[in-house]
A.B. asks: 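Let me give you the structure first, and then I'll get to my questions.
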Amino acid sequence: MLKSMSPGKVFLGLPGYGWNWRIHAEPSEWGGSYWGESHTYLAVRYWMEGVYSVHNFTQTAPERNFVPFAAYWDEHEQAQAPYMLPHVYDFVDGKDAAGKSGPAIEGWYGRRSYLTCYGKTQKTSFGSVVLERSGVPDDVDDEYMGIGSESVSFNGEGTAYYDFSLPAGSWDIAVCFVFPFFSSDRISFRLGGQTATISEGRQWWPYWRKTVWKKIGTVGTGSHTLEVTGAPLAQFYGFRACSSFSESAWCGEAEFTLSPKPFVDVNGAEVAPRSGFS
């Protein structure tokens with residue numbers, strides 16, 4: 001072909017178009033069935049050059065200032081595409097966190113950093129603690145139970161006994177235990193006329209092999225006896241009497257510092273979002 005026709009006479013037509021992916025705070029704000037709306041190449045170019053109004057991607061009527069949005073070509077071998085981020089006034093990745101706390105961790109996927117959590121921890125609150133006991137019992141009815149310096153391990157048959165007294169008031173009793181294996185997923189308590197059994201399914205339990213606190217009841221002033229039994233190898237680490245116990249699964253947290261700045265329209269005036277930064 002090069003011998004019979006000059007390359008300068010060959011024209012190649014390629015389709016050029018783009019997608020407008022809108023960002024909304026709530027699904028009710030979508031206003032349609034899809035986030036994305038297609039645009040021709042010319043429409044995308046007009047957005048870059050500030051020909052369209054900043055107000056709405058679906059309208060070309062001049063409702064607000066015309067802003068030439070910054071765009072770039074991603075030359076990475078996995079991308080090879082143009083990008084434009086209208087109405088994005090600041091942008092941060094997971095690695096940009098000003099501070100974070102575990103168990104949230106930072107990682108990379110492809111060329112982007114992220115924060116995630118692969119295992120939850122327990123977040124607890126006890127209020128005022130008036131009594132704290134380790135798992136070492138006052139008495140047991142099975143000589144084969146394993147008694148350590150801070151805990152007791154069960155063999156599935158014996159019971160551990162704990163005698164204690166409380167001052168005037170109403171007190172939550174929170175117990176601390178661990179299920180070290182999938183087969184050790186049950187521990188039971190008896191406190192006066194109250195009974196509680198904690199058993200977790202083997203398909204999912206966020207605290208396997210981690211000590212966890214649970215409330216088993218509320219008692220008042222006077223002397224009490226706590227009876228504890230457990231599945232083989234379940235371990236009991238003690239209990240607390242407190243004014244108010246609460247707990248929740250915790251994934252950690254991260255703080256980000258943003259510095260949104262207004263755009264400059266085609267006339268040189270600064271333009272912020274219609275409803276302001278929020």
Side-chain angles (χ1 to χ4, degrees), residues 1 5-101 104-117 251-278:
M1 181 177 180
M5 182 183 295
S6 169
K9 296 182 179 181
V10 178
F11 292 86
L12 185 63
L14 297 175
Y17 63 91
W19 282 88
N20 161 18
W21 295 103
R22 293 174 293 165
I23 300 175
H24 302 281
E26 299 291 340
S28 59
E29 299 177 3
W30 292 355
S33 302
Y34 303 98
W35 279 348
E37 295 181 1
S38 63
H39 292 295
T40 64
Y41 175 85
L42 183 61
V44 174
R45 173 184 163 188
Y46 280 174
W47 280 116
M48 296 179 185
E49 296 177 350
V51 176
Y52 289 161
S53 129
V54 71
H55 171 56
N56 192 316
F57 279 14
T58 62
Q59 300 175 4
T60 58
E63 299 183 13
R64 293 210 63 196
N65 307 63
F66 297 97
V67 177
F69 289 104
Y72 68 97
W73 177 271
D74 191 338
E75 297 183 347
H76 191 271
E77 60 183 10
Q78 296 178 358
Q80 295 294 321
Y83 285 87
M84 181 175 60
L85 303 175
H87 293 289
V88 175
Y89 297 85
D90 196 5
F91 184 84
V92 294
D93 270 334
K95 62 179 173 56
D96 299 319
K100 61 179 181 292
S101 62
I105 61 172
E106 179 182 318
W108 287 82
Y109 182 82
R111 295 174 295 140
R112 300 293 298 275
S113 67
Y114 63 86
L115 290 177
T116 189
C117 175
C251 295
E253 62 183 3
E255 296 180 357
F256 292 88
T257 300
L258 297 173
S259 300
K261 297 178 176 61
F263 290 142
V264 175
D265 67 14
V266 294
N267 298 314
E270 291 188 344
V271 181
R274 180 177 58 170
S275 58
F277 297 112
S278 60

A.B. asks: From L115 CG over to F256 CZ, what is the distance, rounded to the nearest 0.5 angstrom?
C.D. replies: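 Answer for the CG-CZ pair, L115 versus F256, is 5.0 Å.
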A.B. asks: For side chain to side chain contact (heavy atoms under 4.5 Å, CB included), just list the numbers for V67 and V266, CA-CA rounded to whole Å, side-chain angles, deciding distance to a tenth of an Å, and then say yes or no.
C.D. replies: CA-CA 6 Å; V67 177; V266 294; over 6 Å; no
A.B. asks: Does N267 reach the main-chain N or O of A269 with its side chain, forming a donor-acceptor pair under 3.5 Å?
C.D. replies: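 Such a contact is absent between N267 side chain and A269 backbone.
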A.B. asks: How close do Y109 and Y114 get, heavy atom to heavy atom, and via which atoms?
C.D. replies: N-CE2, 3.6 Å
A.B. asks: How close do S259 and D90 get, counting heavy atoms only, and between which atoms?
C.D. replies: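 Closest approach of S259 to D90, heavy atoms only: N-OD2, 2.7 Å.
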A.B. asks: Drop me the distance from R112's CZ to K95's NZ, to the nearest 0.5 angstrom.
C.D. replies: 9.0 Å
A.B. asks: Quick check: closest heavy atoms across A104 and C117, and the distance to 0.1 Å?
C.D. replies: CA-CB, 4.5 Å
A.B. asks: Do you know which two heavy atoms are closest between A97 and A254, and how far apart they sit?
C.D. replies: CB-CB, 4.3 Å
A.B. asks: Should we say atom CZ of F91 is surrounded by more than 12 heavy atoms from elsewhere, each under 6.0 Å from it?
C.D. replies: yes
